[in-house]
Amino acid sequence: MNAPLSPLAAASASGADLLLWVAVPYICLAVFAVGHVWRYRQDQFGWTSRTTQLLEHRWLRWGSPLFHLGAFMVIAGHVVGLAIPDSWTEAVGITEHAYHTTAVWAGSVAGVAMVTGLGMLCARRLLTRQIRLGTDRSDKLLFPLLSATVLLGITATAAHNVFGAGYDYRSTVSVWFRGLFVLQPQPEAISGAPLLFQLHALTAFLLFAAWPFTRLVHVWSAPIGYLARPYLVYRRRATPTAAPKTAGRTRSASGSRRAA
Ligand code: HEM
């Protein structure tokens, strides 16, 4: 079922494997952690999504929910596909076939929603002059990196698991991914994976490194409390009574000043 070695894997020596699949991920995770502490201490007031809703809302109204809904589904899929070993899902009665079919369908729907939403967010940023002018260096890093990660992910799914012969990433990419977090890195588990999966994983780690320096920090400040907070009551101000006419007095006052 799994494809032959990718060019990246074929050319790799164990030194290159260590660099790509151990050093780079750990450096990116370290930058992610330290970067968040630094950003929080340096720039608490800039810790926002820097919304541009007031500048443009027609594209945003569709682009933002599509992107965020797709992202939530993709994250859920990644947690199941990467963090949970296939032996666990099989132990609770989910066969490999059932997992694969669900992952391909749900993953494709989620991926298409995310790509469409992100496309709309990028388009409004490029096409709306005021938003383009407000695009800073961190956005110029974030949007291409996010787009590359998402496009490589959906292309890997489409090429191998929708239209291709099928690739069991849970026995390779997922094993490598979990190994990093239990401090038992297994670079050899991913070094034979198809190039698209490798590039997707690498861009994802670069995205993690860029994360604390971009508007993505808003993810950690999602206003979840809004769902449960009491209503805010707004009352219209009572209409003010008509102000007394003072024009005549003013005129006479200035007149008397002039006279003086
Ligand atoms: C190192 C971290 C990551 C790894 C190892 C990883 C791995 C994978 C794998 C194996 C797939 C194929 C799923 C399938 O065919 O069923 C995939 C798909 C995808 N990934 Fe990732 N991914 C990572 C991070 C990310 C991030 C940060 C994003 C978005 C910002 C992302 C977005 C996507 C999308 C949109 C798809 C296609 C839709 C889907 O199948 O869920 N991935 N990823």
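Because the structure is predicted, anything quoted here is derived from the model rather than measured. Just so you know, ligand 1 is whichever comes first in the structure, and atom 1 is the first atom listed for that ligand.
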Original post:
How wide is the angle at atom 21 (Fe) of ligand 1 between NE2 in H200 and NE2 in H78, to the nearest 10°?
Top reply: 170°

Please state which protein non-hydrogen atom is closest to [atom] and give its distance, to 0.1 Å?
atom	result
atom 24 (C) of ligand 1	A204 CB, 3.4 Å
atom 16 (O) of ligand 1	Y169 OH, 3.0 Å
atom 12 (C) of ligand 1	T157 OG1, 3.5 Å
atom 36 (C) of ligand 1	G153 C, 3.6 Å
atom 1 (C) of ligand 1	F205 CE1, 3.4 Å
atom 4 (C) of ligand 1	L82 CD1, 3.5 Å
atom 41 (O) of ligand 1	G107 CA, 3.8 Å

Check each atom of ligand 1 against the heavy atoms of [X] and keep those under 4.0 Å away; list them by number with element.
X	result
I154	36 (C), 37 (C)
F197	10 (C), 12 (C)
M114	29 (C), 30 (C)
L146	30 (C)
V173	5 (C)
N161	15 (O)

Original post:
If two hydrophobic side chains count as joined below 4.5 Å and joins carry through other members, does V219 share a cluster with V150?
Top reply: yes

**OP:** Over 60° means perpendicular and under 30° means parallel, so classify the ring planes of F208 and F205, tilted if in between.
**Re:** perpendicular

**OP:** Just say parallel, tilted or perpendicular for the rings of F32 and W220, cut-offs at 30° and 60°.
**Re:** perpendicular

Just wondering, are more than 12 heavy atoms of other shown residues or ligands nearer than 6.0 Å to [atom1] in [X]?
X	atom1	value
F181	CZ	yes
R229	CZ	yes
L54	CG	no
H218	NE2	yes
Y26	OH	yes

Subject >> Flag side-chain contact, heavy atom, 4.5 Å: E96 against R170 >> reply: yes

**OP:** For residues W21 and L202, determine if any side-chain heavy atom of one lies less than 4.5 Å from a side-chain heavy atom of the other.
**Re:** yes

Original post:
For T149, is at least one N or O under 3.5 Å away from an N or O on ligand 1?
Top reply: no

